[in-house]
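Below: the structure, in structure tokens.
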2 protein chains.
Amino acid sequence: MSDQKTNHDTRERILDVAERLFMEHGYEGTSMRVITTCADVNLAAVNYHFGSKEALLREVFRRRLSWLNRERLYALDALEAEAAGAPLKPSQILEAFFGTLLRIGEQPSLGGMTFLRLLGRTLTEPAEFIRTFFASEYAEVIDRYKQALYNALPDVPKAEIVWRLHFMLGAMSYAIAGTDVLRVVTGCELGDLAGEGAADTVDDATLARRLAQRLMPFLLGGLRAPLPSAPDSSKASPVPPSEGDREPRTANHLQEKQP
Amino acid sequence: MSDQKTNHDTRERILDVAERLFMEHGYEGTSMRVITTCADVNLAAVNYHFGSKEALLREVFRRRLSWLNRERLYALDALEAEAAGAPLKPSQILEAFFGTLLRIGEQPSLGGMTFLRLLGRTLTEPAEFIRTFFASEYAEVIDRYKQALYNALPDVPKAEIVWRLHFMLGAMSYAIAGTDVLRVVTGCELGDLAGEGAADTVDDATLARRLAQRLMPFLLGGLRAPLPSAPDSSKASPVPPSEGDREPRTANHLQEKQP
DNA sequence: GTCTATACGTAGATAGAC
DNA sequence: GTCTATCTACGTATAGAC
């Protein structure tokens, strides 16, 4: 049973090809004909094995996300067990959430950078079925991590934490998707940016490691930034002290334009 | 000439409808037939006025981006003239770049939140013609702002600045796109988050203002975060001092996983 | 279980009447 | 300049042979 074409092989081959093509051309931009041709299977194979194109996309994500989100829960469990009731440090929480994700990029068997790029791009796809699918897949993990952040930053309003979680997800998603797109905006290949000297191509595992190394301080800096001044409410903005890490206080740079 | 259907009206009506539909369903997910039906024009009108569907998308963006990027250059010119050769503060640069963008959300005549959401989503679309179009539209502005940031943060490696610019663009794009998508991830409507008390619907202008108020401190915190420790190079990470704003020094939270 | 062949709708684009 | 009618290619899905 080494090189024999079993159903399992066909299914996996379709999933691998679809993962890459959805990443390269988007969901709507990838036709079933192209998928089945590239996977060297019959046009009908997708509907036979998965039922529909939508179900195929869901399965592409499920086989990766179920692993990822389980690992994220394990990581949080471990941290909380070690802390024995004390709130976690924000840096620990971010490392568990984003570090677990970014480490996928170093391991092709978990999807590698192909899957990370696909994930980053698909999070903004407007199709309703995609959004509801992600909502259900992420619900538990997001809820647990939000709670952890609430506990870690007790003096920061919960709404503010949710906003910043949102911003962090965005920075991460674009950073990943951009490792082969956003040269457009930055005007140069990210390979040039990742290395200190060698400007040529960088393999995926190295890119993933360097991305994590650059991204995590940025996220932590954003999460722990001073709160904005209150605009239309009379309550003051307390400085959020965070355990372990010192919380810097700087001037408020953004003033509300119209009071 | 008040309510007469001129060519100009037809063109603008097509652009307005296409802007909204591309935002709601994506480029591939929006058909010419739906566009022309909603705009109450004939199917052939798009090809007559714009030449093709791709050219229509480009024109949808061009009429907004030409204004936006001109304003961004003006804002930077004004800051640099005022500074008279001295480097700008990072907060000023971010305000000029992101503030100018976010203020579009308050003005429906400039596209409002509809255009901002469309922009946020389209930046990740994989289609080649879209990426090359954005590259040319953004080239000058990005170049000018990169230079301004280099000057403002002379002790931060340029590669690090480009990475962080990249992260900031991502956080902003997702934050915008998410104002009607990412309830998926955060588990609640952003309307709930924006207001202190009133949890119902928030009009676009208010949402845009509150978004800017929350986003700018986050971006500035990320931009001015401590540099990551050098992983595979022996040179130390200097703390970047920035003018005007005090630069906080915190511990490095992220350690390289493999030395 | 897998593939061949095809159904049936819709995509973007265009020729030519008005 | 605008519209009708239509072209050709491609979309997903399925019925039925092997």
Side-chain angles (χ1 to χ4, degrees), chain A residues 1-61 122 125-130 132-133, chain B residues 1-61 122 125-130 132-133:
Chain A
M1 73 186 205
S2 57
D3 57 334
Q4 161 196 3
K5 268 194 188 180
T6 66
N7 303 343
H8 183 262
D9 282 344
T10 298
R11 259 185 70 102
E12 291 293 306
R13 207 162 57 247
I14 291 173
L15 287 172
D16 288 341
V17 166
E19 184 171 70
R20 181 173 56 82
L21 290 175
F22 285 150
M23 182 273 283
E24 289 172 354
H25 307 111
Y27 174 74
E28 308 269 11
T30 304
S31 72
M32 305 261 282
R33 283 179 159 85
V34 173
I35 294 171
T36 51
T37 300
C38 287
D40 198 32
V41 298
N42 189 269
L43 174 59
V46 166
N47 274 289
Y48 175 75
H49 284 288
F50 303 98
S52 71
K53 190 187 177 186
E54 290 192 3
L56 170 62
L57 181 75
R58 278 190 291 263
E59 191 53 34
V60 164
F61 278 99
T122 310
E125 290 245 352
E128 188 63 31
F129 85 95
I130 295 179
T132 56
F133 170 71
Chain B
M1 74 184 207
S2 56
D3 56 335
Q4 163 196 2
K5 271 194 189 179
T6 66
N7 303 343
H8 183 261
D9 282 345
T10 297
R11 259 186 70 102
E12 291 292 306
R13 209 163 54 250
I14 291 173
L15 288 173
D16 288 342
V17 167
E19 184 172 70
R20 180 174 56 81
L21 291 175
F22 285 150
M23 182 273 284
E24 289 172 355
H25 307 111
Y27 174 73
E28 307 270 10
T30 304
S31 72
M32 307 258 285
R33 284 176 163 82
V34 172
I35 293 171
T36 52
T37 301
C38 287
D40 198 33
V41 299
N42 188 269
L43 173 60
V46 167
N47 274 292
Y48 175 76
H49 284 287
F50 303 97
S52 69
K53 191 187 178 187
E54 290 193 3
L56 170 61
L57 180 74
R58 278 191 291 262
E59 191 53 34
V60 164
F61 278 99
T122 309
E125 290 244 353
E128 187 63 30
F129 84 95
I130 296 180
T132 57
F133 170 72

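Values in this document were obtained by computation on a predicted structure and should not be read as measured data. Proteins get letters first, then strands, A, B, ... in listed order; numbering begins at 1 in each.
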Report summary line: Looking only at heavy atoms, the pair that brings B/Ala18 and B/Leu56 closest together is CB-CD2, 4.0 Å
Query raised in the report: If every non-hydrogen atom of B/His25 is compared with every non-hydrogen atom of B/Thr30, which pair is closest and at what distance?
Result: CB-OG1, 3.6 Å
Query raised in the report: Do you know which of A/Asp40, A/Val46, A/Val60 makes side-chain contact (heavy atoms from CB on, under 4.5 Å) with A/Ile14?
Result: A/Val46
Query raised in the report: NA contact type, B/Thr36, heavy-atom cut-off 4.0 Å: base, sugar-phosphate, or nothing?
Result: nothing
Requested in this report: For residues B/Phe22 and B/Phe61, establish whether the separation of their ring centroids is below 6.0 Å.
Outcome: no
Query raised in the report: In the 5'-to-3' direction, what one-character label does each nucleotide of nucleotides 13-18 of chain C receive under the scheme B = base within less than 4.0 Å of a protein heavy atom, S = sugar-phosphate only, - = no such atom?
Result: BB----
Report task. For C/dA11, take OP1 and OP2 only and decide whether either is under 4.0 Å from a side-chain N or O of B/Ser31. Result -> yes
Report task. Nearest whole angstrom, please: distance from the C1' of D/dT12 to the CG of A/Leu57. Result -> 15 Å
Query raised in the report: Once you round it to whole Å, what is the distance between P of D/dA13 and NE2 of A/His49?
Result: 15 Å
Report task. Could you check how far NE2 of B/His25 sits from P of C/dA11, rounded to whole Å? Result -> 12 Å
**Report entry** Separation of D/dG1 P from B/Ile14 CD1 (nearest whole Å)
**Finding:** 13 Å
Query - Worked verdict on A/Phe133 versus A/Glu54 for side chain to side chain contact (heavy atoms under 4.5 Å, CB included) - result: CA-CA 10 Å; A/Phe133 170 71; A/Glu54 290 192 3; over 6 Å; no
Report summary line: Here the distance between atom C1' of D/dT12 and atom CD of B/Glu28, to the nearest Å, is 16 Å
Query - Exercise: identify the closest heavy-atom pair between B/Met23 and A/Pro126 - result: O-CB, 4.3 Å
